[in-house]
Amino acid sequence: MANVFKNAYLDGTGSLQDLIPAISANHEVIVLSLRATNVDGTNSATVDVRVVDGSSGDSYIAKGMTVPAGASLELAGNSKLVLMATDKIQALASATSDIEFFASYLEIED
């Protein structure tokens, strides 16, 4: 069993994009941090972040959540998110180039 720490970056746009792509078979992921940072110094923006569950559907972590100008939000809070094979995390922002997403996670191979 191999454990590998990884991270992912995404510049938010108006359409859902993969922040963490679909997890490979025989792998699991523990998301340690999931952050949205508003790099616009003037305007607030909103974010949507969802887990796409390959077996049972989608679940939003954030829906229309406001990120104030120049601020960051930790979307996983004090929790950890667990992703199984075929699951992924997608994100979008209300204003292109205003939000930068960052995820830190541990990938575990069974």
Side-chain angles (χ1 to χ4, degrees):
M1 177 185 298
N3 297 336
V4 179
F5 286 99
K6 296 185 173 185
N7 56 46
Y9 305 89
L10 177 68
D11 288 329
T13 66
S15 61
L16 284 166
Q17 299 175 29
D18 291 349
L19 173 60
I20 298 177
I23 307 305
S24 303
N26 300 320
H27 286 76
E28 297 169 347
V29 161
I30 299 171
V31 179
L32 305 169
S33 178
L34 179 55
R35 186 172 300 251
T37 300
N38 187 336
V39 295
D40 184 315
T42 306
N43 300 307
S44 295
T46 60
V47 297
D48 291 358
V49 178
R50 70 179 184 177
V51 174
V52 178
D53 186 321
S55 61
S56 64
D58 303 343
S59 180
Y60 278 90
I61 297 166
K63 179 75 171 160
M65 185 174 282
T66 300
V67 183
S72 294
L73 291 178
E74 176 56 50
L75 300 173
N78 294 326
S79 305
K80 304 296 180 260
L81 305 172
V82 177
L83 304 177
M84 308 302 285
T86 72
D87 294 352
K88 62 184 175 179
I89 293 182
Q90 295 183 320
L92 70 77
S94 62
T96 299
S97 300
D98 280 5
I99 300 289
E100 294 178 353
F101 294 97
F102 173 81
S104 175
Y105 58 98
L106 174 63
E107 185 171 352
I108 303 167
E109 182 179 359
D110 294 335

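Just so it is clear, the values below take in all heavy atoms, side chains as well, and ignore hydrogens, waters and symmetry mates.
Side-chain contact check for Glu28 versus Ile23: every heavy-atom pair is 4.5 Å or farther apart. Considering only heavy atoms from C-beta on, Glu74 comes within 4.5 Å of Leu34 through its side chain. By the 4.5 Å heavy-atom criterion applied to side chains, Val47 and Leu73 are not counted as neighbours. Within the 4.5 Å cutoff, no side-chain heavy atoms of Phe101 are placed close to those of Ile89. Met65 places a side-chain heavy atom less than 4.5 Å from the side chain of Leu75.
Shown here for Ala45 and Asp98, the closest heavy-atom pair between the two residues is CB-CB, 4.4 Å. Thr96 and Gly14 get closest at one heavy-atom pair: OG1-N, 3.9 Å. Lys88 and Ala22 make their closest contact through CB-N, 3.5 Å (heavy atoms, listed as atom of the first residue, atom of the second, distance). Across all non-hydrogen atoms, the minimal contact from Pro68 to Ser44 is CA-OG, 3.6 Å. The shortest non-hydrogen separation linking Ala85 to Ala25 is CB-CA, 3.9 Å.
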Tell me which donor-acceptor pairs under 3.5 Å the side chains of residues 76-83 have, and how far apart each pair is, sequence neighbours excluded?
none

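Distance check, rounded to the nearest 0.5 Å: CZ of Arg50 to CD1 of Ile61 gives 11.0 Å. Rounded to the nearest 0.5 Å, atoms OH (Tyr105) and CD1 (Ile30) are 13.0 Å apart. Rounded to the nearest 0.5 angstrom, Ser24 OG and Glu109 CD are separated by 9.0 Å.
Not counting sequence neighbours, Glu100 has no partner by the side-chain hydrogen bond (donor to acceptor under 3.5 Å, both in side chains) test.
By the criterion of side-chain heavy atoms lying less than 4.5 angstrom apart, applied directly or through intervening Ile, Leu, Val, Met, Phe, Trp or Tyr residues, Leu92 is not grouped with Val31; the two fall into different hydrophobic clusters. Linking Ile, Leu, Val, Met, Phe, Trp and Tyr whenever their side-chain heavy atoms come within less than 4.5 Å leaves Ile99 and Tyr9 in two separate clusters. Under the 4.5 Å side-chain heavy-atom criterion for ILVMFWY residues, no single connected hydrophobic cluster contains both Phe102 and Ile20.
Put simply, the side chain of Asp48 gets close to the backbone of Gly64: a donor and an acceptor are under 3.5 Å apart. Looking only at distances, a side-chain donor or acceptor of Asn38 sits under 3.5 Å from a matching main-chain atom of Val67.
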